[in-house]
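Letters A, B, ... are given to chains in the order of the sequence lines, protein chains preceding strands, and every chain is numbered from 1.
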Amino acid sequence: MRLHGVEPDNRTFPFLLQSLNSTPYLQSGKRIHAQVFLFGFDRDPFVQTSLIHMYSACGNPMLARQVFDEIAQPDLPSWNSIINAFAKVGLIHVAREVFDQMPQRNVISWSCMMKAYVMCGGYKEALGLFREMQMSDRGDGVRPNEFTMSSILSACGRLGALEHGKWVHAYIDKSGMKIDVVLGTALMNMYAKCGSIERAKCVFDNMGPSKDVMAWSAMISGLAMHGHATESLELFAEMIKCGVRPNAVTFVGVLCACVHGGLINEGKKYFRRMDEEFGIKPMIQHYGCIVDLYGRSGLISDAWKVVISMPMEPDVLVWGALLSGARMHRDVETSEIALKKLIQLDPTNSAAYVLLSNVYAKMGKWSEVRRVRDLMEERGIKKVPGCSLVEVGGVLHEFFVGDDSHPETREIYMMLDEIMKRLKMKGFVGNTSEALLQLDEEGKELALSFHSEKLALAFCFLKTSPGTPIRIVKNLRICCDCHDAMKMISKEFDREIVVRDCNRFHHFREGLCSCKDYW
DNA sequence: GTAGGGTTAG
């Protein structure tokens with residue numbers, strides 16, 4: 001255009017700047033920025049916002065800020081863009097500062113800020129912000145829309161806050177918002193992550209024929225997470241029949257279904273089809289699934305073969321998968337190697353140190369136990385405390401291991417004591433095999449009995465009427481002892497208990513768990 | 001001509 005002697009105008013630049021949207025374009029972006037000055041459009045609000053967006057997309061939030069700071073009276077789009085620029089690189093506090101400084105905010109500003117919190121794991125902050133938006137004095141009189149709701153649903157899902165999520169769903173229906181593919185996917189994902197796979201399926205079935213690959217993938221992963229392997233794979237077949245092309249994420253869900261269902265041959269088959277039939281090159285996540293698939297089934301040497309032959313360096317997730325298989329099948333040598341790799345790749349992984357010292361204890365290598373403990377001390381590594389979340393009456397309650405900070409602590413511990421007494425009467429024996437070896441038998445059992453999920457459970461017994469299903473969300477993997485206890489409680493007290501641990505769902509009912517004791 | 005939403009192993 002320039003060679004033809006055509007002069008750009010202020011409308012040319014926003015189009016042009018939009019195309020410079022990743023790091024390799026930073027230099028071109030700077031050159032175009034110079035042209036903006038040259039042609040005198042640096043005071044055009046549309047051009048300014050486009051420049052902020054461009055620098056942010058090219059990975060340079062500080063240049064974005066420079067542009068922003070030059071603007072005398074930034075309009076809403078530039079404020080919102082700069083918030084996004086900071087949020088994108090994880091500078092959540094800076095984003096929030098800017099947000100608080102805004103003279104006014106629209107629904108986009110609020111939605112951006114909520115998304116920012118969700119992106120950095122601040123789920124409760126996102127929900128708090130949503131509540132704030134709805135308060136008339138601070139909320140700028142802004143009403144939420146589909147964009148806002150999608151982010152909020154994502155936060156509910158991550159937290160496992162079913163009551164909150166149901167409320168949001170009701171709000172969406174009441175406000176007449178249209179449930180499009182994106183909002184539908186968000187809803188489905190929320191229900192699946194909150195333990196209600198039935199509701200997720202219901203949303204999915206009501207979504208109509210316009211479902212895209214993300215919508216299908218969300219349902220496939222949801223079913224997998226809940227251990228409904230066959231249904232998940234059937235859905236995958238249906239998706240193909242509907243002419244929707246799967247992507248890499250879809251296959252993570254499919255392989256995950258095979259892992260949780262213990263379907264080794266199926267898993268191998270899908271792994272092959274991925275590339276052969278759909279031209280999707282397996283990524284590290286897929287290799288991780290295969291390692292997991294073999295490991296859980298006790299085929300540790302096959303798992304090793306995958307780890308050694310994969311075309312990329314195994315990451316913490318791959319070593320973690322190998323480790324869980326090795327632990328499950330008591331392969332101490334593999335456990336040791338995997339744990340060493342885990343610590344090497346992430347020296348702050350507290351669980352890895354603890355497990356490694358346990359492995360050495362099991363092998364009787366007491367000097368090694370000491371060495372790992374010292375290393376932990378030296379590096380100042382603290383154990384990540386177990387934490388469980390329950391929602392009672394629409395309020396989220398959080399419990400840590402051995403927590404005594406809840407106002408009703410006394411009652412909770414008394415209730416837990418009653419529950420455990422009844423289990424013991426019925427022959428329950430604590431399963432201490434996963435506990436630290438340093439403690440004596442009695443001490444171990446005591447430590448186990450105050451695991452956060454047990455406290456959360458006791459709290460639910462106090463606060464809900466008999467027969468009410470109990471839903472617990474845990475940050476770590478559920479231990480054998482708690483798993484055994486939950487099974488028995490579901491039978492003895494006739495309660496349905498759903499526990500979401502960091503990997504999957506456990507539906508306890510009538511003394512059995514949906515994971516078939518395979519997790 | 002500018003700003004915002006959903007799926008991802010253990």
* To do: Using only side-chain N and O atoms of A/His53, determine if any of them is under 4.0 Å from OP1 or OP2 of B/dG4.
  => yes
* To do: Write out all pairs satisfying side-chain hydrogen bond (donor to acceptor under 3.5 Å, both in side chains) with one or both partners inside residues 54-72 of chain A, taking only residues at least two apart or from two chains.
  => A/His33-A/Tyr55, A/Ser56-A/Lys88
* To do: Flag the pair A/Asp302 / A/Leu293 as yes when at least one side-chain heavy-atom distance between them is below 4.5 Å, and no otherwise.
  => no
* Is A/Val316 touching bases, backbone alone, or none of the nucleic acid, heavy atoms closer than 4.0 Å? -> nothing
* **Close approaches to DNA chain B from residues 244-267 of chain A, in residue order (heavy atom, under 4.0 Å)** => A/Val249, A/Val252, A/Cys256, A/Val259, A/His260
* Between B/dT7, B/dG1, B/dT2, which nucleotide gets closest to the side-chain atoms of A/Ser50? -> B/dT2
* Which of the following nucleotides, B/dA3, B/dA9, B/dG5, is nearest to the side chain of A/Val318? -> B/dA9
* Name the residue closer to the 5' end of DNA chain B, choosing between A/Lys178 and A/Arg158 according to the nucleotide with the nearest heavy atom. => A/Lys178
* Asked: If you look at every strand shown and take non-hydrogen atoms under 4.0 Å, does A/Ile220 touch a base, only sugar-phosphate, or nothing?
  -> nothing
* In whole angstroms, how far is the C1' atom of B/dG6 from the CZ atom of A/Phe204? -> 14 Å
* Just call it for A/Ala224: base, sugar-phosphate, or nothing, with non-hydrogen atoms closer than 4.0 Å on any strand. => nothing
* Looking across every strand, which nucleic acid part, if any, lies under 4.0 Å from A/Gln18 by heavy atom: base, sugar-phosphate, or nothing? -> sugar-phosphate
* Asked: Is a donor-acceptor contact shorter than 3.5 angstrom present between the side chain of A/Thr49 and the base of B/dT2?
  -> yes
* To do: Provide, to the nearest angstrom, the distance between the CG atom belonging to A/Leu235 and the P atom belonging to B/dT7.
  => 17 Å
* What's the CE-C1' distance between A/Met119 and B/dG4, to the nearest Å? -> 11 Å
* Asked: Within this structure, what is the CZ-to-P distance between A/Phe99 and B/dA3, rounded to whole angstrom?
  -> 19 Å
* Name the orientation class of the two ring planes belonging to A/His507 and A/Phe505 (parallel below 30°, tilted from 30 to 60°, perpendicular beyond 60°). => tilted
* Would you say the side-chain atoms of A/Trp79 and A/Ser109 include a donor-acceptor pair closer than 3.5 Å? -> no
* Phosphate contact (B/dG5 OP1 or OP2) by A/Lys115 side-chain N/O below 4.0 Å -> yes
* Asked: Rounding to a whole Å, what distance do you find between A/Leu16:CG and B/dT2:P?
  -> 13 Å
* So does A/Glu276 pair up with A/Arg272, basic N to acidic O under 4.0 Å? -> no
* Is any N or O donor-acceptor pair between the side chain of A/Asn145 and the base of B/dG5 shorter than 3.5 Å? -> no
* Does A/Asn106 make a side-chain donor-acceptor contact with the base of B/dG4, cut-off 3.5 Å? -> no
* Have a look at A/Asp501 and say if it touches a base, only the backbone sugar-phosphate, or nothing, with a 4.0 Å heavy-atom cut-off. => nothing
* Report which part of the nucleic acid A/Lys193 touches: base, sugar-phosphate, or nothing (heavy-atom distance under 4.0 Å, all strands). => sugar-phosphate
* Test for a donor-acceptor pair under 3.5 Å between the base of B/dG6 and the side chain of A/Asp212, counting only N and O atoms. => yes
* Listed in order of residue number, which residues of residues 277-294 of chain A have a non-hydrogen atom at under 4.0 Å from DNA chain B? -> A/Ile284, A/Gln285, A/Gly288, A/Cys289, A/Asp292
* Structure fact -> Against the side chain of A/Ser81, the closest entry in B/dG4, B/dG6, B/dA3 is B/dA3
* Whole angstrom is fine here: how far is it from CG in A/Leu187 over to C1' in B/dT7? => 14 Å
* Should A/Leu235 and A/Glu231 be marked as a side chain to side chain contact (heavy atoms under 4.5 Å, CB included) after you check the CA-CA gap, both sets of side-chain angles, and the distance that decides it? -> CA-CA 6 Å; A/Leu235 205 67; A/Glu231 263 187 81; over 6 Å; no
* Asked: What about A/Trp110 and A/Phe130, are their ring centers closer than 6.0 Å?
  -> no
* Asked: Of the candidate nucleotides B/dG6, B/dA9, B/dG5, which contains the atom at the shortest distance from the side chain of A/Ala215?
  -> B/dG6
* Asked: Looking at A/Asp501 and A/Ile478, what are the two nearest heavy atoms and their distance?
  -> OD2-N, 3.2 Å
* To do: Decide yes or no, distance alone: a donor-acceptor N/O pair under 3.5 angstrom between the base of B/dG4 and the side-chain of A/Asn84.
  => no
* To do: Using a heavy-atom cut-off of under 4.0 Å over every strand shown, decide if A/Asn189 touches base, sugar-phosphate, or nothing.
  => sugar-phosphate
* Candidates A/Arg105, A/Arg143, A/Met114 - the one meeting side chain to side chain contact (heavy atoms under 4.5 Å, CB included) with A/Met133 -> A/Met114
* Atom CG of A/Asn503 and atom P of B/dT8: how far apart are they, to the nearest Å? -> 14 Å
* Can you check whether A/Phe271 and A/Tyr287 have ring centres sitting under 6.0 Å from each other? -> yes
* side chain to side chain contact (heavy atoms under 4.5 Å, CB included) between A/Met225 and A/Lys193, worked out -> CA-CA 8 Å; A/Met225 244 190 329; A/Lys193 284 205 166 64; 4.2 Å; yes
* Gap between atoms CE and C1', on A/Met239 and B/dT7 respectively (whole Å) -> 10 Å
* **B/dG6 base / A/Thr185 side chain donor-acceptor hit below 3.5 Å** => yes
* **Distance-only donor-acceptor check, side chains A/Asp9 and A/Thr12, under 3.5 Å** => yes
